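A short write-up of the structure that comes next.
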Amino acid sequence: MTFLNFLISGISLGSIYAIIALGYTMVYGIAKMLNFAHGDVIMVGAYICFYAVSRYSMPPLVGVLLAMLVCTVLGIVVERLAYKPLRAAPSLAVLITAIGVSYFLQNAALLLWSSNPKVFPNAFVLKSVDAEGNEVVKNGVELFAGQLKISYVTLATILICIIIMLALTWFTSKTKMGKAMRACSEDKGAAQLMGINVNATISMTFAIGSGLAAVAGVLLCSAYPTLVPTTGSMPGIKAFTAAVFGGIGSIPGALLGGLLLGVIEIFAKAYISTQLSDAIVFAVLIVVLLVKPAGLLGKQIREKV
Amino acid sequence: MANKLSGLRKSTRRNFLTYALVILAFIVLQALITTGSISSSLKGMLVPICAYVVMAVSLNLTVGVLGELSLGHAGFMSVGAFTGVATAILLQDVIPMAPLRLAVGMAVGAAFAALAGFLIGIPVLRLKGDYLAIVTLAFGEIIKSIFNNLYMGVDSKGLHFSLLSDTTNLDETGTLIIGGPMGIGGIQKISTFAAGFVLVMITLVVVFHLVGSRAGRAIMAIRDNRIAAESVGVNVTKYKMMAFVTSAALAGAAGTLFAANYSTIVANKFDFNTSILVLVFVVLGGLGNMLGSIIAAAALTILPEALREFSDYRMLVYAIVLILVMLATNNPTLKSLLARLRPGNREKKEAV
């Protein structure tokens with residue numbers, strides 16, 4: 001039963017990684033850039049939600065929506081100001097700019113919200129009144145006579161991840177904008193010739209990725225409630241690893257990579273060693289890339305001579 | 001033939017200019033130190049600047065000359081720092097002369113970093129592009145995790161190692177040298193600005209000779225077109241490995257220099273952010289341009305210190321400066337303007 005417990009928390013952590021990895025993978029697929037600032041957008045989203053809920057006592061759902069809105073706007077603004085002028089520049093220049101944006105967001109957060117850790121409120125609780133009239137706060141369900149405990153955060157995370165995946169798959173395969181995105185990721189020049197507005201499509205990709213990052217930030221901080229300006233960086237790196245793991249540029253790959261990474265991390269923590277869990281996660285990544293150099297679901301592009 | 005000769009002379013002239021500027025900077029700074037007209041904060045930064053210069057030049061060998069993005073360069077620095085400083089501590093009684101002990105420490109640090117570079121290079125160099133980059137990142141994090149959990153002590157029976165928890169069981173004469181997350185404590189500060197200068201010069205000699213040699217041309221051929229290079233008989237794996245291991249060894253020596261400048265050193269100092277910091281020096285200085293790396297490393301190490309009057313805002317200003325510089329250097333209008341200002345400027349080769 002403990003195994004099942006670990007598996008479920010692994011899937012939950014993996015779902016968060018998957019949602020973040022989506023942002024990386026979509027932006028990489030379309031703009032061919034590693035957006036290192038993505039992890040910090042998560043942190044911004046979490047802070048917005050935190051202040052909306054605990055300072056201005058808005059309902060949690062409104063807080064999440066507000067965070068999504070702010071992050072979406074942030075994503076578009078950053079793309080316009082920092083990445084758009086570098087469309088034709090070498091990829092390393094864009095990478096360094098992304099790192100600059102990441103520093104900027106972290107330090108702006110440090111100035112705005114200070115480095116004191118904030119305790120993120122858990123919005124995923126059920127309040128009820130028992131027979132004696134006392135208020136009972138439940139934060140999860142218990143199965144098999146209390147042997148298997150699943151918190152509502154875990155359930156919500158997995159559920160939200162599934163919904164996002166389904167919505168995104170529908171969006172990219174059925175809608176006009178989604179098709180434009182796939183066309184741009186395949187061949188920008190040809191897409192432009194077909195009358196697709198490439199710049200608008202790239203902006204849209206950043207908007208979606210950043211909006212998802214806000215959701216991921218709220219879920220991450222609900223499960224691990226300490227919030228500091230560097231909260232986003234390690235999950236960001238892990239999610240980036242997850243995206244590569246599954247094959248960067250591929251949406252199902254991000255899901256698979258995220259889930260596997262989350263499960264491996266929790267299992268490594270539980271059964272091998274807490275301190276070495278990161279090393280084990282990265283070691284598995286290296287082995288996978290050696291066997292499948294383009295990730296699990298990535299397309300192997302043959303070089304033409 | 002004449003074209004080739006003038007090209008050669010140009011690169012030689014460039015190398016000599018780099019040497020001359022480094023020596024000049026050393027003499028000027030040394031003179032300022034002896035006359036005491038240098039602020040103590042800048043004086044304290046001279047050794048780290050030298051270490052970062054070596055890091056930047058060595059990473060430029062991987063990123064600029066070999067053309068492979070590495071996001072784990074700090075890992076090699078970490079290997080060099082821990083092995084080099086541990087060696088220096090062990091040899092404290094054997095070699096009383098500090099500069100010699102530092103030199104031996106650096107050599108050991110470089111050797112271990114080269115070994116790590118070789119072992120990591122075997123899997124890494126089979127991959128391409130961003131996948132290679134992510135694997136170097138992964139190795140950097142693994143090295144950090146290992147040093148965070150490694151315990152090493154010495155007693156009358158010799159060296160003892162343990163992983164995860166301190167089970168070295170030293171006798172009463174023993175001392176713990178590497179203490180897991182506590183790192184190495186009680187380091188004698190044996191690094192000096194002169195030692196840093198010597199290391200920078202050695203690095204430049206090694207890198208310039210490698211780049212100018214037959215091997216260097218093979219490495220650049222691989223960077224420009226791997227398939228074409230392979231088809232004319234260049235041994236791709238061998239030359240890639242040569243560049244990668246050289247780069248790792250130099251980073252290891254820089255790590256020893258850096259660590260021996262502080263009294264304690266922990267593994268978390270050499271994390272992903274440090275790798276990125278060095279990468280910023282390389283890209284800002286120009287890929288394949290060693291002088292650029294040196295200037296960028298020195299300037300960007302001093303910049304946060306120089307921005308001290310902005311206090312809380314200095315890292316914010318640093319980030320903005322970084323973004324603006326990248327936007328300005330890649331602005332097509334500005335680029336063509338600069339190209340027109342410098343007559344007879346040859347067409348810039350694309351580095352990546």
Side-chain angles (χ1 to χ4, degrees), chain A residues 28 32-34 36 81-82 85-108 110-111 230 233-234 237-238 240-241 243-245 247-248 273-287 289-290 293-295 298 301 303-305, chain B residues 63 69 71 120 123-124 126-135 137-146 148-149 163-165 180-181 226-228 231 272-273 276-277 279-280 282-284 287 312-327 329-332 350-352:
Chain A
Y28 183 87
K32 292 283 172 287
M33 68 166 282
L34 301 175
F36 267 112
L81 292 181
L86 296 173
R87 225 26 65 84
S91 62
L92 260 182
V94 191
L95 182 77
I96 301 294
T97 313
I99 290 164
V101 173
S102 163
Y103 282 170
F104 178 83
L105 290 179
Q106 274 182 23
N107 288 292
L110 196 65
L111 287 173
T230 49
S233 28
M234 202 55 196
I237 294 177
K238 293 260 182 66
F240 172 39
T241 314
V244 178
F245 203 47
I248 197 157
S273 146
T274 321
Q275 295 121 299
L276 285 180
S277 65
D278 284 355
I280 292 164
V281 167
F282 286 117
V284 172
L285 168 86
I286 292 166
V287 173
L289 283 187
L290 286 180
I301 301 157
E303 269 175 277
K304 285 181 193 142
V305 187
Chain B
V63 180
L69 178 59
L71 297 176
I120 292 170
V124 162
R126 288 180 50 194
L127 297 166
K128 268 179 262 169
D130 296 322
Y131 292 97
L132 189 148
I134 190 84
V135 170
L137 187 164
F139 271 114
E141 290 296 314
I142 290 176
I143 291 174
K144 191 182 86 182
S145 284
I146 290 176
N148 253 334
N149 292 295
L163 205 61
L164 289 178
S165 59
R226 190 182 59 83
I227 294 171
S231 71
F272 177 62
N273 289 329
I276 290 296
L277 188 73
L279 184 67
V280 168
V282 172
V283 176
L284 225 53
L287 292 177
D312 290 345
Y313 295 90
R314 63 179 179 159
M315 283 314 288
L316 201 64
V317 175
Y318 179 89
I320 294 170
V321 168
L322 189 63
I323 297 171
L324 288 181
V325 167
M326 288 323 289
L327 290 183
T329 48
N330 287 290
N331 191 323
E350 233 177 87
V352 178

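Just so we're on the same page: letters track the sequence lines, and every chain starts at 1. The structure presented is a predicted model; accordingly, all values stated were derived computationally and were not measured.
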Given heavy-atom pairs under 4.5 angstrom as the criterion, report whether the side chain, backbone, both or neither of B:Leu127 touches chain A. side chain

In short, A:Leu95 meets B:Leu69 closest at the heavy-atom pair CD2-CD2, 3.9 Å

How long is the straight-line distance from CG of A:Leu86 back to CD1 of B:Ile323, given to the nearest 0.5 Å? 10.0 Å

Residues passing the ring-ring contact (aromatic ring centres under 6.0 Å, His included) test with A:Phe104, sequence neighbours excluded, are none

With chain B, the option among A:Asp278, A:Ile248, A:Leu81 that has the most non-hydrogen atom pairs under 4.5 Å is A:Ile248

Could you measure the distance from the CG atom of B:Leu71 to the CD1 atom of A:Ile237? Nearest 0.5 Å is fine. 9.5 Å

Between CG on residue B:Asn273 and OG on residue A:Ser102, distance to nearest 0.5 Å: 8.0 Å

Please state whether the side chain, the backbone, both or neither of B:Asn148 comes within less than 4.5 Å of a heavy atom of chain A. neither

Distance check, rounded to the nearest 0.5 Å: A:Phe245 atom CZ versus B:Ile134 atom CD1? 11.5 Å

Side chain, backbone, both or neither: which part of A:Met234 has a non-hydrogen atom closer than 4.5 Å to chain B? side chain

Ignoring hydrogens, what is the shortest heavy-atom contact between B:Arg126 and A:Leu290? Give both atom names and the distance. NH2-O, 3.8 Å

Show the nearest heavy-atom pair for residues B:Leu316 and A:Ala108, with the distance to one decimal. CD1-N, 3.5 Å

Might you work through the side-chain contact (heavy atoms from CB on, under 4.5 Å) test for A:Thr97 and B:Asn330, ending with a clear yes or no? CA-CA 11 Å; A:Thr97 313; B:Asn330 287 290; 6.0 Å; no

If you tally heavy-atom pairs under 4.5 Å against chain B, which of A:Ala98, A:Ala88, A:Ala93 wins? A:Ala93

Proximity breakdown for A:Val101 and chain B, heavy-atom pairs closer than 4.5 Å: both

Which atoms of A:Ser273 are under 4.5 Å from chain B, going by heavy atoms: the side chain, the backbone, both sets, or neither? side chain

Which side-chain N or O atoms in residues 138-145 of chain B pair as donor and acceptor under 3.5 Å with protein atoms at least two apart or in another chain?
unit_1: B:Glu141; atom_1: OE1; unit_2: B:Lys144; atom_2: NZ; d: 3.4
unit_1: B:Ser145; atom_1: OG; unit_2: B:Glu141; atom_2: O; d: 3.4

Tell me, for A:Leu34 versus chain B, whether the close heavy atoms (under 4.5 Å) come from the side chain, the backbone, both or neither. side chain

